[in-house]
Amino acid sequence: MEAQKRAPAMAAILAAALWGVIGLWNRKLMAAGLSPYSIVVVRNLGGMALLLLFFAVKDRSVFRVERRCLKYFFGTGVVSVLLFTVCYFSCQKLCSLAAASILLYTAPSFVVLLSAALWKEPVSGKKLLALLLTLLGCACVCGVFDRGLSVTLPGILLGLGSGFFYALYSIFGRYALAHCPPLTVTVWTFLFAGPASLVLFRPAELGAAFGGNPSLLGTALVLAAFSTAAPYILYTWGLARIEPGRASILASLEPVVAALTGILAFGEPMSPATVLGMLCVLAGVTILR
């Protein structure tokens, strides 16, 4: 019974870990000439294609939904998955990467506040402590205290927008999960996010990258499978069983995994602030686990 209670939290943590190693695949794609916007197209369309192929063979029931649920999938797929990415990458153009990252990880704060307003989800002292620890930890891991932040007012607004839209997956997802099972929510999220991502489509860029290096398709496949489809399935499954605020705070483990990936795979330096940030995030996650 204890293991069953922990499973949803562990699903959210594992989803964060799979999102956190995305740098392994993104760096290879960027080195081949793909921009971040093209990688979004690869992720969302690739994730959609894999989910469609898998469930067309395994379980076609995920494709049957009530019409009233489509508005929730528009929320998870377009308003959240697509718009948070557009805001995040746009923020990176106007602010330092550290500033963009920490603004993105205001998402759990938005989830906690929205959940309290919409569903009267209690904001306990334990949850507030975990939220503060993870926010501080993300700031340290993202390098906020190691170097000066470069920010502009439009950049700050876009960064806060990225955190807000990122948070909305947990909110729209909670509504969708009231009517549909987790796998259905994930599949339909990408049925909306995939086509919507075509607004970022750059055919010449994609053609040059994949045409000159067919083996790059393997990297794109791994990105779509292990850092897109799989973590969204895990996170949505966990979201169906625990409070949205708690799930979002647990997913704050993502930047810690990303930092460890950079250190172990790419030899990036590990500062005392990075270590402190990791410990803060782990402490916050442990409090809620």
Side-chain angles (χ1 to χ4, degrees), residues 12-13 15-16 19-20 22 36 40 75-76 79-119 121 123-174 231 235 239 242-259 273-274 276-285 287-288:
I13 290 171
W19 279 320
I22 197 170
V40 172
T76 57
V79 178
S80 179
V81 172
L82 180 63
L83 288 188
F84 103 74
T85 308
V86 172
C87 286
Y88 183 53
F89 289 152
S90 299
C91 177
Q92 288 180 332
K93 290 183 177 181
L94 299 174
C95 301
S96 64
L97 295 182
S101 296
I102 192 56
L103 288 168
L104 173 64
Y105 286 104
T106 58
S109 304
F110 286 119
V111 176
V112 168
L113 292 173
L114 288 170
S115 297
L118 294 171
W119 303 299
E121 183 180 306
V123 184
S124 63
K126 181 185 291 187
K127 188 180 292 183
L128 278 177
L129 177 59
L131 183 62
L132 290 172
L133 283 170
T134 53
L135 188 60
L136 174 61
C138 289
C140 292
V141 170
C142 294
V144 170
F145 303 115
D146 286 342
R147 52 190 178 272
L149 294 181
S150 173
V151 297
T152 64
L153 180 58
I156 291 173
L157 294 176
L158 284 166
L160 290 173
S162 71
F164 178 72
F165 290 127
Y166 190 30
L168 287 183
Y169 184 84
S170 297
I171 304 302
F172 284 118
R174 178 73 174 268
Y235 184 79
L239 184 64
I242 56 177
E243 296 173 342
R246 185 180 176 204
S248 186
I249 293 172
L250 290 170
S252 296
L253 190 68
E254 179 185 346
V256 171
V257 177
T274 302
L276 175 62
M278 290 179 180
L279 292 175
C280 286
V281 173
L282 290 173
V285 168
I287 287 172
L288 293 183

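Under the 3.5 Å distance criterion, the side-chain polar atoms of S252 are matched with a main-chain donor or acceptor of I249. Of the possible donor and acceptor atoms, none in the side chain of S90 sits under 3.5 Å from a partner among the backbone N and O of C87.
Counting all heavy atoms, side chain and backbone alike, G155 lies closest to C91 at O-SG, 3.2 Å. When every heavy atom of V141 is checked against every heavy atom of P255, the shortest pair comes out as CG1-O, 3.4 Å. Nearest heavy-atom pair across C140 and L276 is SG-CD2, 4.3 Å. When all heavy atoms are compared, the tightest approach of L239 to R174 is CD2-N, 4.2 Å.
You'll find the side chain of I156 stays beyond 4.5 Å of the side chain of L94, heavy atoms only. Two residues are said to be in side-chain contact when any heavy atoms from C-beta on lie closer than 4.5 Å; V256 and V285 fail this criterion. When side chains are defined from C-beta on, L253 does not count as touching T134, because their heavy atoms never get closer than 4.5 Å.
For Y166, the ring-ring contact (aromatic ring centres under 6.0 Å, His included) test picks out F84, with sequence neighbours left out. Partners of T76 under the side chain to side chain donor-acceptor pair (under 3.5 Å) rule, at least two apart in sequence or in another chain, are T189. Under the side chain to side chain contact (heavy atoms under 4.5 Å, CB included) criterion, A15 pairs with W19, P231, L234, Y235, not counting sequence neighbours. For S101, the side chain to side chain donor-acceptor pair (under 3.5 Å) test picks out Y88, with sequence neighbours left out. Partners of S248 by side chain to side chain donor-acceptor pair (under 3.5 Å), not counting sequence neighbours: none found.
Note on residues 127-137: pairs passing salt bridge (charged side-chain N to carboxylate O under 4.0 Å, His left out), not counting sequence neighbours, are E121-K127, K127-E243.
Only one option out of L114, L83, T106 pairs with F164 in a side-chain contact (heavy atoms from CB on, under 4.5 Å); it is L114.
Here the OG1 atom belonging to T85 is positioned 9.0 Å from the CG atom belonging to L104, to the nearest 0.5 angstrom.
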